[in-house]
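Right, one structure below, let's go through it.
FYI, side chains are in, hydrogens and waters are out, and symmetry mates aren't considered; it's all heavy atoms of this structure. Since the model is a prediction, treat every value here as computed from it, not as a measurement.
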Amino acid sequence: MEPAANAPSAAPSAGNIPAAFKQDPVAYLNAIAAKPASPQSLEQLAGPVAKFLQNDSSSTPAAAAAYLQAASVQLKDTASLAGNAQLEAIAAVKQYEVVTAAGVCATLCQDRRHVISSSGILPTLANLMLNSETQSASQLSIISVEFLQCALIAEQYRYAARLVAGTWPRPDATANVKMVLRYYYIRGMIHLGCNDYVMAHRCFWTCLSIPADIASKVAVEAWKKLVLTQCIMSDCRKLDSCRTVLPKSMPTCMGRILTSSKEESAFSTAPAKGSGTKRPQPSGGIMFPPPESAAPKPRPSKKSQAETESCGCYMEIVAAFYGGDKAKFMKLISDNTNTLKADGNWGLTEQCLTQLHNNRVRHISKMYSVVSMSKAAEILELRGDNAQQEVATLLIQSGVPCEIQEDGMIEFHEPIEDHASNLDDIADWIALLERVQRLDVNILTSARYQSLMKQDSMGTSTDAKIAAAGPRSVGDL
């Protein structure tokens with residue numbers, strides 16, 4: 001839990017680093033890890049030691065691994081301070097410092113997956129996140145953020161996703177914007193590791209919905225993963241699935257970056273002057289922010305210019321995806337391989353390519369009921385000796401119901417409707433039928449209805465006039 005601004009702190013100054021830690025950091029931290037959990041041992045990990053490991057670039061991977069082991073032991077003691085508000089506030093400060101330092105040390109370790117998993121820091125942070133007396137699972141704190149950070153680095157995606165499932169924590173008064181952005185961005189990465197694109201999309205969408213005056217690096221990276229995730233989720237069966245959609249509450253600072261990126265991308269693909277051709281427009285109905293009014297704009301910094309250029313290549317890739325242009329899509333990801341790998345989005349782009357193939361196979365199934373393998377390979381732009389084998393692989397991956405005949409013809413079948421929700425539909429129909437029956441009973445027992453029926457039928461004896469009186473129940477309609 002992040003401490004309040006007025007919480008007392010007994011931590012010494014950053015310059016008072018223990019001499020034993022200076023002499024041998026690993027031995028000092030191993031000695032603390034060997035002690036039982038206590039507030040005194042926790043204090044030894046906080047203060048100058050924690051700040052040194054967070055800020056000093058010379059921290060060794062061995063010291064970082066030893067700190068994780070010591071923190072996993074000492075963060076367990078919280079019950080001994082119950083009832084003393086002042087000591088609890090001091091312990092909250094210490095806990096905040098140690099948890100933050102543990103998150104930094106997780107990034108400094110070598111063989112991160114093994115070191116973090118074997119240190120015991122993950123179950124310790126999970127216990128504090130779920131069972132702490134000072135916070136609840138619905139409260140967003142530094143413990144939740146660093147737990148997801150350690151789980152992401154250790155590649156323990158399903159473990160973390162299982163613990164945060166069903167929760168959507170909200171920040172309290174002590175949380176800042178950076179903490180909220182980090183939580184939902186890292187959680188989105190966790191869900192991507194589990195192939196849960198719906199929850200990942202929700203997390204990245206939340207990052208772009210948080211108010212801000214200055215666009216942060218986290219928000220820009222969340223936008224990149226959001227547009228790629230939407231491509232993976234898009235099957236182009238509906239109009240809304242063939243375009244990128246962004247939150248209406250997205251901050252204007254983020255909108256300015258995307259607008260500049262769109263303009264840079266358009267100018268980079270514009271034809272030479274005097275060529276007589278029009279500038280190509282992005283296809284697919286991409287819903288990027290429209291250009292703002294022509295007002296004097298400040299000169300962009302190097303950082304914002306780099307972010308603009310980086311976002312521009314993603315806009316071109318997404319436009320090629322929704323346009324179904326495989327050749328252009330492949331060229332763009334080839335030209336921007338370094339950027340995609342540096343952003344950690346190369347794997348997402350490969351999944352977008354797979355989805356592009358699936359969409360093209362689905363398009364073929366709508367055009368033809370029977371088509372030859374050679375024609376399908378031509379439409380899918382597959383060439384070479386293994387083209388037919390690649391077509392068969394794409395047919396299986398796409399999930400489109402079809403059958404390959406012995407003569408090499410592909411016969412597409414009607415898609416099988418999913419009846420998994422039939423029980424829910426039947427329950428709704430039964431409820432509607434019961435409601436109609438109750439209305440029939442209410443009408444037949446209504447004295448006013450009986451009076452009106454007598455007036456309409458008074459003086460008539462023919463069946464035609466009786467039938468003209470109207471329906472006698474809701475069922476007659």
Between Ser234 and Gln355: side-chain donor-acceptor atoms closer than 3.5 Å: no
Heavy-atom side-chain proximity of Leu246 to Leu258 below 4.5 angstrom: yes
Donor-acceptor contact below 3.5 Å, side chain Asn336 vs main chain Thr339: no
Residue pair Met330 / Leu353, side-chain heavy-atom distance below 4.5 Å: yes
Identified side-chain contact (heavy atoms from CB on, under 4.5 Å) partner of Tyr197 from the options Arg202, Gln230, Met233: Met233
Under 3.5 Å: donor-acceptor pair, side chain of Thr252, backbone of Gly255: no
Tyr67 and Val49, any side-chain heavy atoms less than 4.5 Å apart: yes
Interatomic spacing from CD1 in Ile143 to CE in Met129 - rounded to 0.5 Å: 9.0 Å
Note, Tyr322 side chain near Cys231 side chain (heavy atom, < 4.5 Å): yes
Parallel, tilted or perpendicular, as decided by the 30° and 60° cut-offs, for the rings of Tyr185 and Phe204: tilted
Side chain to side chain donor-acceptor pair (under 3.5 Å) between Gln156 and Ser117, worked out: CA-CA 8 Å; Gln156 300 291 340; Ser117 300; 3.2 Å; yes
Distance, nearest 0.5 Å, that separates CG of Leu125 from SG of Cys150: 5.5 Å
Donor + acceptor pair across side chains of Lys224, Asn345 (<3.5 Å): no
Pairs satisfying side-chain hydrogen bond (donor to acceptor under 3.5 Å, both in side chains), at least one member in residues 204-213, at least two apart: none
From CA spacing to verdict: salt bridge (charged side-chain N to carboxylate O under 4.0 Å, His left out), Glu316, Lys331: CA-CA 11 Å; Glu316 294 178 356; Lys331 183 179 184 304; over 6 Å; no
Given Leu348, Ile317, Leu332, the one that forms side-chain contact (heavy atoms from CB on, under 4.5 Å) with Leu340: Ile317
Geometric class of the Trp223/Tyr314 ring pair [parallel <30°, tilted 30-60°, perpendicular >60°]: perpendicular
Distance in Å, Glu221 CD paired with Met189 CE, rounded so as to fall on 0.5 Å steps: 9.0 Å
